[in-house]
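Data first, discussion second: the structure below is written as structure tokens.
It should be emphasised that the depicted structure is a prediction, and the values quoted were computed from it without experimental measurement. Chain naming here is simple, since letters A, B, ... match the order of the sequence lines and numbering starts at 1 in each.
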2 protein chains.
Amino acid sequence: MSMSPLLKSLEQAFRCLPGVGPRTALRMSLHLLERDRQRGIHLAETMKQALENIEHCEQCRNLTESQPCWICQDEGRDDELLAIVASPTDILAIEQSGLFQGRYYCLTGLLSPLDGVGPEEIGLPGLVRRIHASPPKECLIALASTVEGEATTYQIITALNGLTRLTRLAQGVPVGGELDHLDASTLSQALSSRTEIVN
Amino acid sequence: MSMSPLLKSLEQAFRCLPGVGPRTALRMSLHLLERDRQRGIHLAETMKQALENIEHCEQCRNLTESQPCWICQDEGRDDELLAIVASPTDILAIEQSGLFQGRYYCLTGLLSPLDGVGPEEIGLPGLVRRIHASPPKECLIALASTVEGEATTYQIITALNGLTRLTRLAQGVPVGGELDHLDASTLSQALSSRTEIVN
């Protein structure tokens, strides 16, 4: 035995964090024990409280400790614009842009038939019921531009066609992107979707 | 507000870990909430338990939840060989080599006069009392080969001179080290301490 059993347990428990292997886990354990016990205890308590209290919002499935979440509660938002996203992380990213003032609906992932993830698993029937119940004027499909994202976008278009106006995020050259580093598909997309320069 | 207050608190609490900035803290928070609540709660509980129960061993100052620690309790160890180290991390490193079977005494750091860290602050008087009370046959000074480590080694030699046999870790070419990548001081040390090849 080269360390105390409790220190060993702490090191092993730390490995549940993403990107944390044995060495980092040990470094984190020793750092808290040797230099930062007070903040470590605060972290432990906050972690327990968050994991026990944060749930998915009943209306939009965002992460929240109050029902419904603060976005669904916010009366200043546009009920006629609904963004469909794949996870609460995407809500965060869009909120941080500060440019979206509508509501959200959060799926539980993207279609991945080979892994057995179909429309039921990502909560598509719930979305269709929500749109049928009170269709907004516009649905913005804000999913990743990956194979899974495109497949899911296509499935949503099929399911919601005719019920509401459907839009999606623009595709093209990312800000700061150099043309000679861009992949061919992005460049083709940017070319075929080129926009008018207005003087 | 782009995320729930509790999620924000969790993200901020995670930043007390070494090497964890805002982005990693958020990734860790979302990972636990979305994929690993059970192990997250286990981590929180283990962390609290470890931070509340692991203390310094009364005899050697190693990190332990039992008094004295498992090394001081181990009757199979050599009482006549005492290693002086600068932190519990160093005990771990030496234990993992599996080659040391003596006892330890853990200082609380290295001398650093410019930062106001003198002999009292690193617990040198305690070490001298311990050696005076029952001098082992050999004291191995196992400190870092840095300016602070060398200064501390020198101070210990002065304080313990004549009381016991004093040794230190060998200095030289690290295993796997290539000569042309080695700094000049290490190479000089390796040259002047060259050892006899025994056939």
**Report entry** Least distance between heavy atoms, Pro5(A) atom then Glu65(B) atom
**Finding:** CD-OE2, 3.3 Å
Query raised in the report: Should we count CD of Gln38(A) as having more than 12 external heavy atoms under 6.0 Å?
Result: no
Query raised in the report: For the residue pair Met47(B) and Gly40(A), what are the closest heavy atoms and their distance?
Result: SD-O, 3.6 Å
Report task. Write down the atom of Leu10(B), the atom of Ala50(A), and the distance for their closest heavy-atom approach. Result -> CD2-CB, 3.8 Å
**Report entry** Region of Ile71(A) in contact with chain B, defined by heavy-atom distances below 4.5 Å
**Finding:** neither
Query raised in the report: Considering residues, nucleotides and ligands other than Arg37(B), do more than 12 of their heavy atoms fall under 6.0 Å from its CZ?
Result: yes
Requested in this report: Can you establish whether the number of heavy atoms outside Gln96(A) located under 6.0 Å from its atom CD is more than 12?
Outcome: yes
Requested in this report: Look at Arg35(A), Arg39(A), Glu95(A), Glu52(A) and state which one has the largest set of heavy-atom pairs under 4.5 Å with chain B.
Outcome: Arg39(A)
Report task. Heavy-atom distances under 4.5 Å only: say whether Ile94(B) touches chain A with side chain, backbone, both or neither. Result -> neither
Requested in this report: Provide the closest heavy-atom pair for Ile54(B) versus Leu7(A) in the form atom of the first, atom of the second, distance.
Outcome: CD1-N, 3.7 Å
Query - Side chain, backbone, both or neither of Gln49(B) within contact of chain A (heavy atoms, under 4.5 Å) - result: both
Requested in this report: Tell me, for Leu30(A) versus chain B, whether the close heavy atoms (under 4.5 Å) come from the side chain, the backbone, both or neither.
Outcome: side chain
